[in-house]
Amino acid sequence: MIKRVAITGPESTGKSMLAKGLADYYKTAWVPEYAREYIDQLKRPYKEPDILEIAKGQLKWEKEAERVMRKSRDGENFLFCDTEMLVTKIWSDVKFGRCDPWILNQLETHGYDLYLLCNIDIPWEFDPQREHPEMREQLFSLYYEELLERNLNFRVVSCLGEVRLRNAIKFIDSCFS
């Protein structure tokens, strides 16, 4: 049985590094952030319809990773997902004031066994795809409230570097042992 773990939270909170670190620790797969590749290939600023395409691409990558895992392994495995539908929902809400119904439907029907919400306690780093360094607290609150309102199984992951990774490992082990 594959246990899906979503790594979620505002931009520049170490989601990618945490997803990769967890996959390395548990010797399993992880799904990178599709938005990064998608936006890198655009020859223009992204628009509202692009967020829907990004959401669909993210889910496609995730399903492909699950398919490969089912073919190649036995027993219980983790799949770590660097971002998920909650990220695209909040991104769309903040940027455009609304969210595509397809994304909202996926958020309702495509859940995860555990969500790890990355705290904003690490320094924000510039990246051309990052947009809101001044909104970190507000964005974190949006994620936290959504996870609570949806009654999803989540933990807030805090601290820097290896300590952050160890904290996430403790949460995962306690949830699935």
Side-chain angles (χ1 to χ4, degrees), residues 1-40 54-55 58-59 61-62 65-66 68-69 72-73 75-91 93-94 107 110-177:
M1 174 101 179
I2 297 172
K3 303 273 192 227
R4 289 187 315 212
V5 178
I7 314 299
T8 195
E11 62 189 17
S12 192
T13 54
K15 293 184 297 290
S16 298
M17 193 169 9
L18 185 58
K20 183 180 182 327
L22 289 168
D24 288 346
Y25 178 83
Y26 288 101
K27 297 178 180 25
T28 191
W30 71 289
V31 182
E33 180 184 9
Y34 182 81
R36 190 155 286 287
E37 181 174 307
Y38 183 93
I39 291 173
D40 279 347
I54 289 166
Q58 186 70 41
L59 204 53
W61 277 11
E62 185 178 321
E66 285 181 7
V68 169
M69 286 178 73
S72 65
R73 298 187 178 170
E76 186 171 280
N77 295 289
F78 293 109
L79 177 62
F80 296 100
C81 301
D82 173 10
T83 204
E84 38 64 57
M85 293 302 114
L86 183 57
V87 172
T88 54
K89 179 204 181 295
I90 290 174
W91 178 18
D93 285 346
V94 168
L107 189 55
H110 185 79
Y112 297 82
D113 298 289
L114 176 64
Y115 292 78
L116 295 176
L117 174 57
C118 292
N119 204 341
I120 57 173
D121 58 347
I122 64 174
W124 188 87
E125 292 182 17
F126 173 79
D127 179 307
Q129 291 188 17
R130 295 180 180 152
E131 302 176 304
H132 301 292
E134 75 290 350
M135 292 179 61
R136 295 183 88 195
E137 289 180 25
Q138 179 185 352
L139 290 169
F140 181 83
S141 292
L142 289 173
Y143 282 92
Y144 191 87
E145 292 302 318
E146 283 273 352
L147 290 162
L148 275 179
E149 286 175 21
R150 294 175 181 279
N151 199 31
L152 298 171
N153 183 23
F154 79 98
R155 304 291 185 280
V156 176
V157 181
S158 299
C159 295
L160 301 174
E162 285 297 314
V163 177
R164 191 179 196 92
L165 177 63
R166 284 195 309 269
N167 287 341
I169 291 166
K170 286 178 193 172
F171 291 145
I172 291 165
D173 290 348
S174 69
C175 285
F176 299 111
S177 57

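Nothing fancy with the numbering, it's 1 onward along the sequence.
With sequence neighbours left out, the side-chain contact (heavy atoms from CB on, under 4.5 Å) criterion links Asp113 to Lys3, Arg4, Phe176. Under the side-chain contact (heavy atoms from CB on, under 4.5 Å) criterion, Val94 pairs with Ile90, His132, Met135, Leu139, Leu142, not counting sequence neighbours. Lys20 is linked by a side-chain contact (heavy atoms from CB on, under 4.5 Å) to Asp24, Trp30, counting only residues two or more places apart in sequence or in another chain.
Separating the NZ atom in Lys15 from the CG atom in Leu117 is a distance of 9.5 Å, to the nearest 0.5 Å. Rounding to the nearest 0.5 Å places CD1 of Ile2 at 11.5 Å from CZ of Phe78. Atom CG of Leu147 is separated from atom OH of Tyr115 by 7.5 Å, given to the nearest 0.5 angstrom. Expressed to the nearest 0.5 Å, how far CD1 of Ile172 lies from CZ of Phe80 amounts to 4.0 Å. Taken to the nearest 0.5 Å, the CZ atom of Phe140 stands 4.5 Å off from the CG atom of Asn119.
Considering only heavy atoms from C-beta on, Leu86 stays 4.5 Å or farther from Tyr112 through its side chain. Side-chain atoms of Phe171 and Leu116, non-hydrogen and from C-beta on, do get closer than 4.5 Å to each other. Residues Leu165 and Met17 have side chains not in contact (no heavy-atom distance under 4.5 Å, counting atoms from C-beta outward).
In plain terms, the two heavy atoms of Glu11 and Arg130 that are nearest each other are OE1-CA, 3.4 Å. Closest approach of Val31 and Trp61 over heavy atoms only: CG1-CB, 3.8 Å. When all heavy atoms of Ile120 and Arg136 are compared, the closest pair comes out as O-NH1, 3.6 Å. The shortest heavy-atom contact between Thr13 and Ile122 is C-CD1, 3.2 Å. Here the closest non-hydrogen pair linking Cys118 and Ile7 is SG-CG2, 3.8 Å. For Met69 against Ala29, the heavy-atom pair with the smallest separation is SD-CB, 3.9 Å.
Sorted by first and then second residue, the pairs that involve residues 138-156 and meet side-chain hydrogen bond (donor to acceptor under 3.5 Å, both in side chains), not counting sequence neighbours, are Lys89-Glu146, Glu108-Arg150, Glu146-Arg150, Asn153-Arg155. For residues 165-177, the side-chain hydrogen bond (donor to acceptor under 3.5 Å, both in side chains) pairs, not counting sequence neighbours, are Tyr26-Asp173. A side-chain hydrogen bond (donor to acceptor under 3.5 Å, both in side chains) check over residues 78-88, counting only residues at least two apart or in different chains, returns the pairs Thr8-Glu84, Ser16-Asp82.
Although no hydrogens or angles enter the test, the distance criterion places a donor-acceptor pair under 3.5 Å between the side chain of Gln58 and the main chain of Pro32.
Other residues, nucleotides and ligands contribute over 12 non-hydrogen atoms within 6.0 Å of the CD atom of Glu134.
Note: Tyr34 and Tyr38 have tilted aromatic rings, judged against thresholds of 30 and 60 degrees for the angle between ring planes.
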